Asks: 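Handing you this structure, nothing more for now.
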Amino acid sequence: MGLRLLRAWAAAAAAAVLLVPTAVAPPCAQAAAGPSPASTASTRVAPAGTTTAPYVEGQVTLSVDSLAPEVLTSEESVTITGSVTNGTDRPVHEASLVVQVQSRTEVTVEELELWLAQARRTRVSQVRVEDTEDIAPGETRSFSITVPAADLPLSDEDQWGPRGVEVILTEGYDTVAVDRTLLLWDPGTTAQASRVTAVVPVAASAAEMTALLSSTTPTGPAEASAEEAQEVTALRQRVTALLGLAREGVVLAVDPSLLEALGLPLDKEEAASATASPDPAATPGDSGPTEAPTQAPAPGTAPTATPTSQPPDPSVTLRRARAELARALTDAREAGDVVVLAWQDADLASLAHLGETDLAASALTRAHQEASLLDDALGTDLSSGTTTALATGPLDAATLSLLPETVTTVIASPGDLPVAEELFYTPSGTTTVNGRAVLVPDEDLSDAASGTSDGAALNGLDARQLLRADTAVRVRQAPSVGRDVVVTVSRAEAANQTAEVLDERLDALLDAGWTVPQDLGSLVGSAREDETNGEQAARQPLPEVAQAEGELTAEDLAAARQAEAGLETLATVLSDPQAVTGGATEVVSACVSSAWRTDTAGRSAYTAAVAGLRDTVAAGLSAAPSSTINVIAQSASMPVRVVSSLDQDVTVRVHLKPSSTRLQVSEDVEVTVPAQGEATVSVPITAVGSGEVTVTIDLLAPDGTSVGTPVAILTRVHADWENLGTRVVAGLLVLVLVAGIVRTVRRGRRTPTEGEA
């Protein structure tokens, strides 16, 4: 650190340090031993999102997990907790923990990020040094250090805002491990607060898309599955929790197809219960698990076991979960803003770049239709949220021109539309383009809200503190100018992070002393007002096309269309298509989802899996091989035996394709083959020549697509044999007739007449 550590510096009596081992014992041993003073200190509940110093072979690591409080007012002490892990093969001996705090406030966001990345040196004040016990190899110890307010370098109120904090583990004069974070000082200085709006996508991740697409669980309002897929259940719980993030200043961007997949809208009766009762699924005589009454056994008798509970009815559990989701959606619409994403969160940018205007229009129209259904069922006003679109990648002119006129507000991606002139402060994150209000999320704040800084992952504490620090720095740039700030959580982070952690980040962003939450309507109104007053910051024009990694390609789309056509074909031949397809029907809309941007291999795998369903059916359906067939007549019928190993009836057309025109087929013949069985059908043929002909037998769907395994058989055609036989027989008959006539004539000549006698 370039700073000489003073080991003789005395600690104040009010400060304390706890450094205790974290040990793992069998549960039975822990229960038997009971809590000890050390274990009580090491197992205290930490804030959600905290971490433990990781074990890194050959290194000693240190992690600062929490500050209490995270925002200091004047004359407040701060308690720093964290842990140290020794990943070396020797003990950390006679070490000390040294706490240092920046003497002045950072003035740019870049400086804040460099401080957290330990890539910036600045003037610091050493505020505490505590000796520690030895840390054995492989051991993790937690610590808690309290620094009194009098020892903190917080006296000049003009220097309010973020201060860097670092905790250093030293052995002698050697630095062993370091971790940094930020604390915020708010002495109550007056400034124009930033008006903040945060956008949180509620859409499926690529992994969740895979689970939804492969699930055969019915989720319609009239059905209940006894064994609902675990992944779908977890997804429903996650979406319900995300909807609970709704509040002023938070915009939830919800994929309506996700709500449909999870069981919405409810029917009229269920919807009424969801909006009227805190326990919407409870019905008379159906209260879920119940405990049997117990009573003390009679004296002198042995106690008898009594059932303690009844397992819940899966259908009741599902109805309650769906009703809870419906209630969460209704509450979210009342508590904050809910906008509707395109159907399946369609990647509108990719569709614009591929010129797929119809697909984009279909995704937007279907989203509006589903929102209207939800409005009718729940009494919400979701359909009004279809006027706002959330970008899936860098916003460009092609994507903007793809959107219909009904979309009047567009939320761009972080980093889009940079200012065209250098300013000493960060302007409002709004502008207008071609009559549309375009909301421009701040890139650094959006990264922090998504748990990263300059590409590096942040722990829970650092993410919260960077959000507070970043907004404080922006207010300090121009304390008398109130500005609109837009922040978006990335789709990946919203899908993979817990709602509890996101809730803490939103609190840090919206509830700081220098920020106030702003709803979507006020934000758009502010953008329009700035446009009218000519107060918008000049911004660089949108690029015509801005492609990004993970976009849908023309090859991907062609494969999806071919796979979807294969499903349509199977639906025409199988008696129970869903048993084979798993309910998959809309392959194209699924494959254009933005979720696949982070997993292009998953998109290709899904498309290939769907395309393989037709091959699976074809492998179980074929014409039985036959020996050589002799055709001796000009018109005949060829018998074909069709064999199926499938578990359901199949209806196909038997199609013969001769290798030569000597044999002609006038029509296909339809046949229904029973499950795990066979059927024989006769196909009319016409022989017009003689010779050997190879006939390929194929099984077709009504649209002419092959759905079976083709089989070739050899046919010997002798169309003239029948005519030759007829001529021979006719000739023989003529000979017999002639012989008879001759014989009759001869007999007549030998008979004497009456005169001759």
Side-chain angles (χ1 to χ4, degrees), residues 107-110 112 161 189-200 247-251 253 336-337 339 387-391 394-395 400 407-450 466-489 505-506 508-542:
V107 296
T108 67
V109 177
E110 291 74 18
L112 294 171
T189 305
T190 302
Q192 283 289 335
S194 293
R195 301 177 293 272
V196 181
T197 306
V199 182
V200 181
R247 70 195 74 172
E248 185 181 8
V250 174
V251 179
D337 292 299
V339 300
T387 60
T388 301
L390 176 64
L395 185 63
L400 205 61
V407 176
T408 56
T409 302
V410 178
I411 305 172
S413 295
D416 287 344
L417 291 162
V419 293
E421 55 186 345
E422 190 171 342
L423 302 172
F424 70 90
Y425 65 94
T426 304
S428 288
T430 61
T431 189
T432 53
V433 179
N434 297 334
R436 288 189 172 99
V438 179
L439 313 181
V440 185
D442 183 271
E443 188 169 14
D444 294 316
L445 280 170
S446 296
D447 286 347
S450 302
L466 186 56
L467 287 168
R468 293 184 175 109
D470 193 330
T471 51
V473 164
R474 293 167 195 274
V475 170
R476 285 174 53 84
Q477 292 171 350
S480 60
V481 180
R483 282 154 288 171
D484 300 314
V485 178
V486 183
V487 180
T488 55
V489 178
R505 293 179 190 167
L506 292 174
L509 179 66
L510 300 172
D511 295 341
W514 43 91
T515 62
V516 292
Q518 178 173 229
D519 61 53
L520 182 62
S522 298
L523 175 63
V524 173
S526 179
R528 296 296 186 187
E529 185 178 352
D530 287 348
E531 178 187 28
T532 301
N533 298 335
E535 296 177 354
Q536 290 182 343
R539 295 183 178 272
Q540 297 179 13
L542 288 171

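Positions are given from 1 along the sequence. This structure is a prediction, so every number in the text was calculated from the model and none was measured.
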Asks: Mark yes or no for whether Asp337, through its side chain, and Leu520, through its backbone, hold a donor-acceptor pair below 3.5 Å.
Replies: yes

Asks: Check step by step if side-chain contact (heavy atoms from CB on, under 4.5 Å) holds for Leu112 and Leu466.
Replies: CA-CA 8 Å; Leu112 294 171; Leu466 186 56; 4.0 Å; yes

Asks: In this structure, are over 12 heavy atoms from other groups packed under 6.0 Å from Asn434 atom CG?
Replies: no

Asks: When you measure from the side chain of Asn533 to the backbone N and O of Glu535, does any donor-acceptor pair fall under 3.5 Å?
Replies: no

Asks: Side-chain contact test, heavy atoms from C-beta onward, threshold under 4.5 Å: evaluate it for Leu509 versus Leu445 and give yes or no.
Replies: yes

Asks: With a 4.5 Å heavy-atom cut-off, do Val473 and Val107 have their side chains touching?
Replies: no

Asks: Could you walk me through whether Ser522 and Asp519 pass the side-chain hydrogen bond (donor to acceptor under 3.5 Å, both in side chains) check?
Replies: CA-CA 6 Å; Ser522 298; Asp519 61 53; 3.0 Å; yes

Asks: Spell out, as yes or no, whether a donor-acceptor pair under 3.5 Å connects the side chain of Thr532 to the backbone of Arg528.
Replies: yes

Asks: For the atom pair CG (Leu506) and CG (Leu467), what is the distance rounded to the nearest 0.5 Å?
Replies: 8.5 Å

Asks: Let me confirm one number: the CD-CD distance from Gln540 to Glu421, rounded to the nearest 0.5 Å.
Replies: 11.0 Å

Asks: Compare all side-chain heavy atoms of Thr387 with those of Thr408 and state whether any distance is below 4.5 angstrom.
Replies: yes

Asks: Once side-chain hydrogen bond (donor to acceptor under 3.5 Å, both in side chains) is applied, do any residues pair with Asp470, and if so which ones, sequence neighbours excluded?
Replies: Arg474

Asks: Under the 3.5 angstrom rule, does the side chain of Ser446 hit a backbone N or O of Val487 as a donor-acceptor pair?
Replies: no

Asks: If we only count heavy atoms from C-beta on, is the Gln536 to Asp530 side-chain gap below 4.5 Å?
Replies: yes

Asks: Test your reading of the model: is there a side-chain donor-acceptor pair from Ser194 to the backbone of Thr515, 3.5 Å cut-off?
Replies: no

Asks: Hey, are the side chains of Asp447 and Pro414 touching, using non-hydrogen atoms and a 4.5 Å cut-off?
Replies: no

Asks: CZ/Arg505 to OG/Ser450 distance, rounded to the nearest 0.5 angstrom?
Replies: 7.5 Å

Asks: Can you confirm whether Thr197 sits close enough to Pro517 that some side-chain heavy atom of one is under 4.5 Å from a side-chain heavy atom of the other?
Replies: no

Asks: Rounded to the nearest 0.5 Å, what separation is found between the CG atom of Leu395 and the OG atom of Ser413?
Replies: 7.0 Å

Asks: Main chain of Ala193, side chain of Arg195: is a donor-acceptor contact present, judged purely on distance under 3.5 Å?
Replies: no

Asks: Taking all atoms of both residues into account, what is the closest heavy-atom pair of Asp442 and Asp444, and its distance?
Replies: OD1-N, 3.1 Å

Asks: Would a distance-only check, ignoring hydrogens and angles, find a side-chain to backbone donor-acceptor pair under 3.5 Å from Arg483 to Thr426?
Replies: yes

Asks: Verify, without hydrogens or angle tests, whether Thr471 (side chain) and Arg468 (backbone) share a donor-acceptor contact under 3.5 angstrom.
Replies: yes

Asks: Without swapping roles, check the side chain of Thr409 against the backbone of Thr388 for a donor-acceptor pair under 3.5 Å.
Replies: no

Asks: Exactly one of Val251, Val486, Val196 should register a side chain to side chain contact (heavy atoms under 4.5 Å, CB included) with Leu523. Which one does?
Replies: Val486

Asks: Which atom names give the shortest non-hydrogen contact between Ser428 and Asp484, and what distance separates them?
Replies: OG-N, 3.0 Å

Asks: Would you say Pro394 and Asp416 make side-chain contact, with heavy atoms under 4.5 Å?
Replies: yes

Asks: Measuring only between side-chain heavy atoms, which start at C-beta, is Leu510 closer than 4.5 Å to Val250?
Replies: yes

Asks: Can you confirm whether the side chains of Ser480 and Gln192 place a donor and an acceptor under 3.5 Å from each other?
Replies: no

Asks: Looking at Ala478 and Tyr425, what are the two nearest heavy atoms and their distance?
Replies: CB-CB, 4.2 Å

Asks: Considering residues at least two apart in sequence or located in another chain, which fulfil the side-chain hydrogen bond (donor to acceptor under 3.5 Å, both in side chains) criterion with Arg476?
Replies: none

Asks: Rounded to the nearest 0.5 Å, how far apart are OG1 of Thr431 and CZ of Arg539?
Replies: 6.0 Å

Asks: Would you check, one step at a time, whether the test side-chain contact (heavy atoms from CB on, under 4.5 Å) holds for Thr430 with Val440?
Replies: CA-CA 5 Å; Thr430 61; Val440 185; over 6 Å; no

